[in-house]
Engineer: 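Mind looking over this structure? Questions follow.
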Amino acid sequence: MLIIHMEDKRGISPVIATVLLIAMVIVIGLIIFLWFSTFIEDEGTKFGRNIKLVCEDVGFDASYSGGKLSIKNTGNVPIFEMKIKISSAGSHETKDLKDLSSNWPELGLNQGKTFEESVNIGADTDKIILIPVLAGSSDKGKTTFVCEEQYGYEITI
Amino acid sequence: MLSQTKKNQRCFSWNFFPKNRKGISIMIGYILLVTVAVVMGVLVYNWIKTYVPQEALECPDTVSIFIERAVYYEAGSILNVTIKNNGNFNIAGYFIHATNSSEQELAMIDLSNYTSAGQGRGGTVLFSMENSFEPNGKQKNVFNLSSAGIGQIYSIEITPVRFQEEENKIRFVSCGNARVRENVDYWEEGVPETCEDGTCDAEECDSCPQDCSHADCCGDGTCNNDETCGDTDTEPECNSDCEACPIVQIEYIGFEESDEINNWKEDPTQSAYGEILAISGPDECNPKAGSHMLSGTGDFDPYLVRYKRTAIDVTGYENIKINGSISSEDTEWQDRIEFHYYTGSSWEICYQAVNKNAYTCAGWENFECNVNLDSGVTDLFIGVAWKTSSSSEHAFWDDINITGTTV
């Protein structure tokens, strides 16, 4: 039988105990938060909103005729870049429009601006989907975000 | 007996440095907990806030424009576009894009740089740096495409733009929901209406006054090109176009001030004897307006007496009119009550009340007349004149108003 004789029965003062508890809670909370945050994408923000939501407000018209691709920004969200998803014979590949054309504006397509350029998308292409890419900002600085395909513009060739 | 220190401790309920510090640790704990909770709440709020859907930046639904006329003149490669704001909101300008063939699906050719209102405006035709184009207003823009190498314009597409305040910031907004497209009329021949070409073409009195003289524009039915109403001696005057001149009051005489009577003197060129002119309150008649009127009486038939007022300065006025009211009491058919003005060379009757058969108050008659002063006369003299056959008969004037338009 273990008998501990505690001559001096003073323990840790309540203040220190409380501070320790709080510190531990904060540290554990931070660890959990940082761990969970790795599972959450930080897409960045634009106009003070999550950039993912801004994709809904993007508006543009496009056409492809005679090898010439025309895009006009009809909305109020600048389109920084454009992805082009080219579908042909059961397969598809997504490219940057910048790679296909050297004339894409450096700062993107602002309100009311147009882009028209001959773009080679291949002879057997069935359809193309133009997917806007937006520029935003995040904790890491400036960032770009590729909108989901549902916000793209489909052109059947 | 308590020491002074203990007394002080009893007197003050709060002591910053109590000797017994038990309980403070709990307070610190609570403060820390609350602080941490608040800080974390703010962080989470700011993060979650970015996920809250907001209304997209767009124009009000009733922003609307209408392309009233779009003509492309082959000679000179000029495109004239007249738009009308048929919405309920002011707009600041528009984007304009064109097609140069019927096969083009999208209007892609930016024309903004080919008109003066669009040069250096980043692809926008801006009327001003505010929403200055008002509802029901019309705007004509001339696009000189001679250097563009575009060829014939087939159709144009116009998207209005506005400045809107969003979250305390002025934002430039494209009204994509109000976009309009119109085919362009084609004129192979004919002189294009080009502003600043020295020729006053149709509608340029409004859109390009620098090309037009006064003679070009007076008579077009619109008060434009700096035309004014009024003085026929003044160059930009055009009464036929500018009938709605703003009328201003030059003088109003209500006879409410008792010393107004000092302004009225008997006209020695036409007078009788025994005449009396006074300002009176309600007596035989009630005043037309206010509580006093001008009253004349006297037995001097068949003579007509006239009192004239000190001059009224009408410098800078034209289209001068006098209106007022006349009444009488106990007058018969042979009595007369008149209102005169002096042209500069003769007295003219502005109004003459005859056959004022009235045993009691005859009731007020309103009168109005145009004043035709001799050239160069800037002093207007007005006069009241009457003849009555008995000292018990009265003539009354009230509510005299002299108006005109500014030169």
Side-chain angles (χ1 to χ4, degrees), chain A residues 12-23 25-26 29-30 33 37 40 42-66 68-78 105 109-117 136-139 155, chain B residues 21-33 35-36 39-40 43-44 46-59 93-97 99 103-110 112 122-125 157-162 164 166-167 169 171-177 179:
Chain A
I12 303 168
S13 81
V15 175
I16 294 168
T18 309
V19 170
L20 280 173
L21 271 172
I22 290 166
V25 166
I26 291 170
L30 275 173
F33 175 78
S37 64
I40 301 166
D42 180 22
E43 297 98 352
T45 57
K46 189 174 185 68
F47 306 139
R49 298 162 61 195
N50 187 288
I51 201 164
K52 204 172 183 177
L53 300 178
V54 179
C55 286
E56 293 175 23
D57 303 336
V58 175
F60 66 100
D61 281 344
S63 71
Y64 185 81
S65 176
K68 196 179 273 187
L69 179 65
S70 305
I71 302 170
K72 181 196 275 187
N73 187 345
T74 59
N76 285 299
V77 179
L109 211 57
N110 281 328
Q111 294 157 290
K113 293 288 183 184
T114 58
F115 165 84
E116 191 167 46
E117 185 75 10
S137 57
S138 70
D139 297 337
I155 302 170
Chain B
R21 295 183 182 176
K22 284 179 188 174
I24 296 300
S25 63
I26 296 169
M27 289 299 293
I28 292 168
Y30 283 145
I31 290 166
L32 284 170
L33 273 172
T35 306
V36 169
V39 169
M40 288 182 73
L43 290 173
V44 172
N46 281 324
W47 177 58
I48 293 288
K49 194 174 69 172
T50 65
Y51 282 90
V52 176
Q54 294 172 3
E55 279 190 23
L57 183 65
E58 57 185 21
C59 296
Y94 56 83
F95 295 128
I96 180 166
H97 295 94
T99 64
E103 292 168 3
Q104 266 185 291
E105 191 180 335
L106 295 180
M108 298 297 290
I109 305 165
D110 184 4
S112 61
T124 316
V125 178
E157 185 179 88
I158 290 181
T159 307
V161 294
R162 279 169 52 78
Q164 288 184 188
E166 303 281 339
E167 295 174 350
K169 287 180 185 170
R171 299 283 302 274
F172 180 70
V173 185
S174 163
C175 306
N177 50 350
R179 193 167 30 147

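In what follows, every chain begins at residue 1, and chains take the letters A, B, ... in the order their sequences are listed.
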Engineer: Not counting sequence neighbours, which residues clear ring pair (Phe, Tyr, Trp, His ring centres under 6.0 Å) with A:Phe60? List them please.
Structural biologist: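 For A:Phe60, the residues satisfying ring pair (Phe, Tyr, Trp, His ring centres under 6.0 Å) (neighbours in sequence not counted) are A:Tyr153.
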
Engineer: Which bit of B:Ser174 is near chain A, if near means a heavy-atom gap under 4.5 Å: side chain, backbone, both or neither?
Structural biologist: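 Its backbone and side chain both get close to chain A.
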
Engineer: Find the one option among A:Ile71, A:Val19, A:Asn73 whose heavy-atom pairs under 4.5 Å with chain B are most numerous.
Structural biologist: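 Heavy-atom pairs under 4.5 Å are most numerous for A:Ile71.
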
Engineer: Heavy-atom cut-off 4.5 Å, strictly under: side chain, backbone, both or neither for B:Gln104 against chain A?
Structural biologist: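 Side chain only.
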
Engineer: Is it the backbone or the side chain of A:Ile51 that comes under 4.5 Å from a heavy atom of chain B, or both, or neither?
Structural biologist: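 Nothing of A:Ile51, per the 4.5 Å heavy-atom cut-off to chain B.
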
Engineer: Just give me the residue among A:Asn76, A:Thr18, A:Asp57 that pairs up with chain B most often, heavy atom to heavy atom, under 4.5 Å.
Structural biologist: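 Top count of heavy-atom pairs under 4.5 Å with chain B: A:Asn76.
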
Engineer: A:Lys72: which residues meet the salt bridge (charged side-chain N to carboxylate O under 4.0 Å, His left out) condition with it, sequence neighbours left out?
Structural biologist: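 Per chain and number, A:Lys72 pairs via salt bridge (charged side-chain N to carboxylate O under 4.0 Å, His left out) with B:Glu157.
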
Engineer: Checking heavy atoms, do the side chain of A:Phe33, its backbone, both or neither come under 4.5 Å from chain B?
Structural biologist: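 Neither the backbone nor the side chain of A:Phe33 comes within 4.5 Å of chain B.
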
Engineer: I need the residue from B:Glu58, B:Glu105, B:Arg179 with the largest number of non-hydrogen atom pairs under 4.5 Å to chain A.
Structural biologist: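 The option with the most such pairs is B:Arg179.
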
Engineer: Between A:Gln111 and B:Phe95, what is the shortest heavy-atom contact and its length?
Structural biologist: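 Shortest heavy-atom separation between A:Gln111 and B:Phe95 comes out as O-CZ, 3.5 Å.
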
Engineer: Measure distances from A:Ala62 to the heavy atoms of chain B and classify the residue's part below 4.5 Å as side chain, backbone, both or neither.
Structural biologist: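 For A:Ala62, the contact with chain B is made by the backbone alone.
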
Engineer: Considering only heavy atoms and a distance below 4.5 Å, find which of B:Glu166, B:Lys49, B:His97 pairs most often with chain A.
Structural biologist: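 Of the candidates given, the most pairs with chain A belong to B:His97.
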
Engineer: Can you tell which part of B:Val36 gets under 4.5 Å to a heavy atom of chain A, answering side chain, backbone, both or neither?
Structural biologist: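 Contact with chain A is through the side chain of B:Val36 alone.
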
Engineer: Using non-hydrogen atoms only, which part of A:Ser65 is less than 4.5 Å away from chain B: side chain, backbone, both, or neither?
Structural biologist: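 No part of it gets close to chain B.
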
Engineer: Do you know which of B:Leu33, B:Val173, B:Leu32 has the most heavy-atom pairs with chain A at a distance under 4.5 angstrom?
Structural biologist: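 Max contact count across the listed options: B:Val173.
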
Engineer: Could you give the distance from OG (A:Ser70) to CG (B:Leu106), rounded to the nearest 0.5 Å?
Structural biologist: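 One gets 6.0 Å once the value is rounded to the nearest 0.5 Å.
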
